[in-house]
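Working notes for the structure below.
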Amino acid sequence: MGYINKVKKRIAEVREAINYHNYRYYVLDSPEISDAEYDELMRELKQLEDANLDLITPDSPTQRVGAAPVEAFGVVEHPQPLLSLANAFSDEELEAWYRRISNLLGGRNIDFVCELKIDGLAVALTYVNGLLEVGATRGDGYRGENITQNLRTVKSIPLSVPKEAPPRFEVRGEVYLPKTGFKKLNEERAKEGLPLFANPRNAAAGSVRQLDSRITAQRPLDIFVYGLGWAEGKTAPDKHWEIMQYLKSLGFKINPNIALCQTIDEVKKYYAKWVKEEETIPYEADGVVVKINSIPFQEELGYVGREPRWAIAYKFPAVQGTTRLLEIGINVGRTGSLNPYAILEPVQVGGVTISHAALHNEEDIHRKDIRIGDWVVIQRAGEVIPEIVEPIVSRRTGKEKIFHMPKTCPVCGAEVIKPEGEAMHRCTNAACPAQALERIKHFVSLGAMDIEGIGEKMSQVLFEAGLIKDAGDLYYLTKDQLLSLERTADKSVSNMLSSIEKSKDRPLSRVIFALGIPGIGDETAELLTGHYTSLDELSRATPEKLQEIPSIGPKIADSIVAFFRQEQNKRIIDKLRKADVRLEAEKAEAKELPLAGLEFVITGRLEAFPRPEAEAKIKALGGKAGSDVTRKTTHLVVGEDPGSKLARAQELGTKTLTESEFLELLKQSENKLK
DNA sequence: CCGCCTCGAGTTCT
DNA sequence: CTCGAGGCGG
């Protein structure tokens, strides 16, 4: 095939793809590729056409802005078409745009107006003799839908404007749904069992297209007006910035983050600021629109095809992307849980390459109907952590495979079970090497024994070299053993040994946490130290005794008892003890406790928490909690409806505290500990 | 028994 | 950050 035929074929392919995605986006409101990918297709087509001008056809997607309007509403002709914007995705592309226009303007001084590119629905509002006459969607840019009735329900759209406004004019803006409104709307829909909107833009589009405007009225829609379409009977200012101030004075809602920039560097700074602060914007924005401020300059620059030369959309890095799910891998956790994760074809999302994503558990995978080989939409949830949003069902070939948890542990081959009513599958082999290694990693980690120099990597090296089989072995490592490893210099070895030594004196709560008892995190470990002053004491505790502690229930109690009963755990604790790791609460620690030496008695009902919990807090802070006021009692806490203890306290001259004074004392004492 | 809240466990990438 | 589970109050 000749070169030109290849190009022809590719152009046809890309056009077909774009037309299909246009339809999904504009007509169905259900896009299946991200905006970034759509933009990429459009760019490719444009490049091909620019290099082969004779291949441009009038029906090419580059020759129009969107899809045809839906006929259910009246059709509105736009006297001045609503056009789209060229995109920039990097500082280089922005600079290239700047150089082009700067050349065209012969190097005259240019200033810019920057604003956020709100991801909503573009509308045109026509006012005649001071009244809103027509509100229309953009449609294909030339003809849109008449949605006046619905737009009238948007409270921030003025239905009338002051007399000094031009007799006939059109403003343009973006109707959108704030993030909070979107969330609330979806919550309500979930309650009613209705399908959820995928994002605020879709929700706004759906709302504005309601045939019944009473439904639209219930949606918290808002608008930002971003420009004047046309005006008759009055001359408008000749700076875009001033037009915006003028529109504001007429009662239109203008985005508060609009800025006047004197240089292209200031534009870049504006962009950089908002890339960083994108999360804080209360509505969705997908970039920054940069416009030449001077209207005469705008007119001079004119249009290329369907895009103005005098403005550009500088897009934020995409936060969603699509890629292929190549395989589903399994990790075995410290507790034996089998944790599936997605191995993805690496893809850039939000400026970061994503190649893995957590899949939580088998049920979750099946609920989302994710299959091996699927194309999937991924996003970085809350800034950082990648997640699979959904599979793209329409891209399936039939070769995708449904995932099943293995019947045996992928690491040790032991039987895998899924306890009734639980979501997780578990490896049944407590000696499973994967679990053993994870337990060691947990032991040395930051919140636990915090052994500097031995992290995940070093734990693995030591484990695989056979130098340690469990956490207890860490304390018997010798200098020679460590030096025999690869990539361990003298310096790092002595660092490791000294941080192992230092870890022998961690608070008891850290030790309990580090042991990795299932269900015991840092909070519960801390709670336990309030009731047991040594590991021995804790190891002898009965389930009944443990359950007397508030927030310890039967499951946690059993977990603790079972842990100390296991031979391998006993051996680990033995190794720790022989190595002189402190397994008791520090004596000095107890004395330093802020409430040490004080004895509290509570009378009446407390608002903040039940009495046992208050007593637990007192004990945790080193105080004693009694039930009767005696001469030893130092404080009486007086709650609602106090009993006879109050009289007794007054008799003895015991200090009394109101509940709020008591809470304040607890707070101060807790702060002292930190 | 159900809903609410808090805690635990596992996770990605720079 | 997310999901699941444990604990607890109504």
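A note on names: the letters A, B, ... follow the listed sequences, proteins ahead of strands, and every chain is numbered from 1. Treat the numbers as computed from the prediction; the structure is a model and nothing was measured.
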Less than 4.0 angstrom between a side-chain N/O of S355(A) and OP1 or OP2 of dC13(B), yes or no? yes

Where each residue is assigned the nucleotide of DNA chain B containing its nearest heavy atom, which of N339(A) and H356(A) is assigned the position nearer the 5′ end? N339(A)

Closest approach of R582(A) to V511(A) (non-hydrogen atoms, all atoms of both residues): O-CG2, 3.8 Å

Separation of dT6(B) P from E526(A) CD (nearest whole Å): 18 Å

Separation of K555(A) atom NZ from dC7(B) atom C1', in whole Å? 15 Å

Heavy atoms from C-beta onward define the side chain here; which of dT2(C), dT12(B), dC7(B) lies closest to that of P386(A)? dT12(B)

Could you work out, with side-chain hydrogen bond (donor to acceptor under 3.5 Å, both in side chains) as the rule, every residue matching T322(A), not counting sequence neighbours? E37(A)

Please determine whether a side-chain nitrogen or oxygen atom of T353(A) lies at a distance below 4.0 Å from atom OP1 or OP2 of dC13(B). no

Which nucleotide, dA9(B), dT12(B), dT11(B), lies nearest any side-chain atom of N331(A)? dT11(B)

Would you tabulate the side-chain donor-acceptor contacts of residues 355-362 of chain A under 3.5 Å, counting partners in other chains and residues two or more places apart, or write 'none'?
from	atom 1	to	atom 2	distance (Å)
H360(A)	ND1	D364(A)	OD2	3.3
N361(A)	OD1	E363(A)	N	3.1
N361(A)	OD1	D364(A)	N	2.8
E362(A)	OE2	M405(A)	N	2.9

At under 4.0 Å, does any side-chain N or O of R367(A) touch on OP1 or OP2 of dG4(C)? yes

When rounded to whole Å, the CE to C1' distance for the pair M424(A) and dT11(B) reads 11 Å

dG8(B) P sits how many Å from I517(A) CD1, rounded? 12 Å

Taking atom types as modelled, find out whether D91(A) and Y314(A) have a side-chain donor-acceptor pair closer than 3.5 angstrom. yes

For Q379(A) and dT2(C), give me the distance from atom CD to atom P, rounded to whole Å. 9 Å

Which nucleotide in dG8(B), dT2(C), dG7(C) has an atom nearest any side-chain atom of H360(A): dT2(C)

Walking DNA chain B from its 5' end, the first of R334(A) and A342(A) to be reached, judged by nearest nucleotide, is R334(A)

My understanding is that only one of K575(A), K441(A), R439(A), K570(A) makes a salt bridge (charged side-chain N to carboxylate O under 4.0 Å, His left out) with D470(A); could you say which? K575(A)

Between I549(A) (CD1) and dC8(C) (C1'), how many Å, whole number? 16 Å

Quickly work out the I388(A) CD1 to dC1(C) P distance and round it to whole Å. 20 Å

Is there a side-chain polar atom (N or O) of N361(A) under 4.0 Å from OP1 or OP2 of dG4(C)? yes

Classify the nucleic acid contact of D364(A) as base, sugar-phosphate or nothing, counting any heavy atom under 4.0 Å across all strands shown. nothing

E362(A) has an atom CD; how far is it from atom P of dC3(C), in whole Å? 17 Å

H442(A) and F513(A): aromatic ring centres closer than 6.0 Å? yes

Under 3.5 Å, is there a donor on one side chain and an acceptor on the other for S337(A) and N339(A)? yes

Proximal nucleotide (of dC13(B), dA9(B), dG4(C)) relative to the A423(A) side chain: dG4(C)

So do F564(A) and N569(A) actually touch side chain to side chain, heavy atoms under 4.5 Å? no

Of all the choices, dC3(C), dG6(C), dC7(B), which nucleotide is nearest to the side chain of T524(A) once you look at every atom? dC7(B)

Name the pairs: protein N/O against N/O of nucleotides 1-4 of chain B, kept only if under 3.5 Å.
none

From the list dA9(B), dG7(C), dC13(B), which nucleotide is the closest neighbour of the side chain of I354(A)? dC13(B)

Considering only heavy side-chain atoms of S551(A), the closest of dC7(B), dT11(B), dC8(C) is dC8(C)

